[in-house]
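Values below: every heavy atom of this structure, side chains too, minus hydrogens, waters and symmetry copies. Every number for a ligand or one of its atoms is a count from 1 in the order of the listing. What you see is a predicted model; the values in this text were computed from it and never measured.
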Amino acid sequence: MLKVLTVPAFNDNYLWLIHDDTHAAVVDPGDAAPILDALRAHNLSLVAILLTHHHNDHVGGVPALLQHAKVPVYAPRNDRISNVTTSLSEGDNVHISELDLTLSVLDVPGHTRGHIAYVAKEQGWLFCGDTLFAGGCGRLFEGTPEQMLHSLDKLAALPDDTKVYCAHEYTVSNLRFAQAAEPGNQAVSQRLEAEQAKRARNEPTVPSNIALEKATNPFLRAREPAILKTLQGEGRVKGGDTVAVFGALREWKNSF
Ligand code: FE
Ligand code: ZN
């Protein structure tokens with residue numbers, strides 16, 4: 001039975017250890033120290049490193065981890081990253097034999113040009129880096145609103161019960177924005193309350209799941225008339241074109 005261990009790092013990053021109580025694969029080790037501590041504490045040996053995109057808070061720990069264990073490094077083909085042993089793009093599968101784990105790769109450009117996501121279909125897990133967040137999405141550093149919308153559409157098409165392992169604890173501020181974007185959405189207010197309670201107990205709000213994101217995440221709801229109405233009321237968009245609505249939402253969130 002595979003499990004996922006949450007390893008907090010920096011201010012608000014989550015690094016993920018997929019393990020079977022013996023072997024472990026790490027997703028997006030921005031820092032090596034908390035991963036090495038977790039491996040030691042749980043008596044796990046590292047067998048693979050999986051990267052979603054090139055930002056330092058996702059790859060910074062790779063050199064130190066490779067000093068500790070010489071393991072394969074999987075990473076997106078279209079982001080420039082050092083120490084990679086296997087470059088990936090959509091349609092590729094990663095098989096980690098020690099864990100008997102198969103991950104399929106999706107291209108999800110937008111936050112970066114080459115950003116990928118890993119889907120463990122059998123387990124119903126999604127590791128999506130800085131593409132889909134609980135209640136939000138990543139900033140568009142290298143891609144266009146159209147690319148990000150298409151990337152998020154792919155993730156939204158995964159089964160409803162897919163667990164969403166995103167890379168940051170941004171949920172409460174994301175949901176405050178969701179409330180402004182769609183004030184009449186009761187699911188958003190209920191979720192905001194529930195997630196605030198988790199944070200007050202110092203619990204992570206991640207993983208989320210696809211059903212909850214489809215119900216509450218404005219970036220998966222850019223086709224909702226209520227969101228268009230808010231944006232028009234704010235004078236942020238004219239027509240009802242979904243890409244324009246999505247772009248205006250993302251733009252508004254940048255300064256919210
Ligand atoms: Fe990032
Ligand atoms: Zn990040």
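- Among residues two or more places apart in sequence or in another chain, the side chain to side chain contact (heavy atoms under 4.5 Å, CB included) test is passed with A24 by L17, H19, L39, L44.
- Under a cut-off of 6.0 angstrom, the local environment of CG in N43 is sparse, with at most 12 non-hydrogen atoms contributed by other residues, nucleotides or ligands.
- None of the N, O or S atoms belonging to H53 lies under 2.8 Å away from the Zn ion (ligand 2).
- Screening F219, F177, F246 for a ring pair (Phe, Tyr, Trp, His ring centres under 6.0 Å) involving W252 leaves a single residue, F177.
- In D57, the N, O or S atom that comes nearest to the Zn ion (ligand 2) is OD2.
- With hydrogens and angles left out, the side-chain atoms of D28 and T52 include a donor and acceptor closer than 3.5 Å.
- Looking only at its N/O/S atoms, D130 has OD2 as the one nearest to the Zn ion (ligand 2).
- Salt bridge present: E182 and R221 bring a charged side-chain N and a carboxylate O closer than 4.0 Å.
- Here H168 reaches the Zn ion (ligand 2): one of its N/O/S atoms is less than 2.8 Å from the metal.
- Around the Fe ion (ligand 1), the protein N, O or S atoms closer than 2.8 Å are H53 NE2, H55 ND1, H111 NE2, D130 OD2, listed by chain and residue number.
- In this structure, a donor-acceptor pair under 3.5 Å is absent between the side chains of H54 and T112.
- Using a cutoff of 4.0 Å between basic side-chain nitrogens and carboxylate oxygens, D130 and R139 are not scored as salt-bridged.
- Aromatic pair H168/H58: ring centres closer than 6.0 Å.
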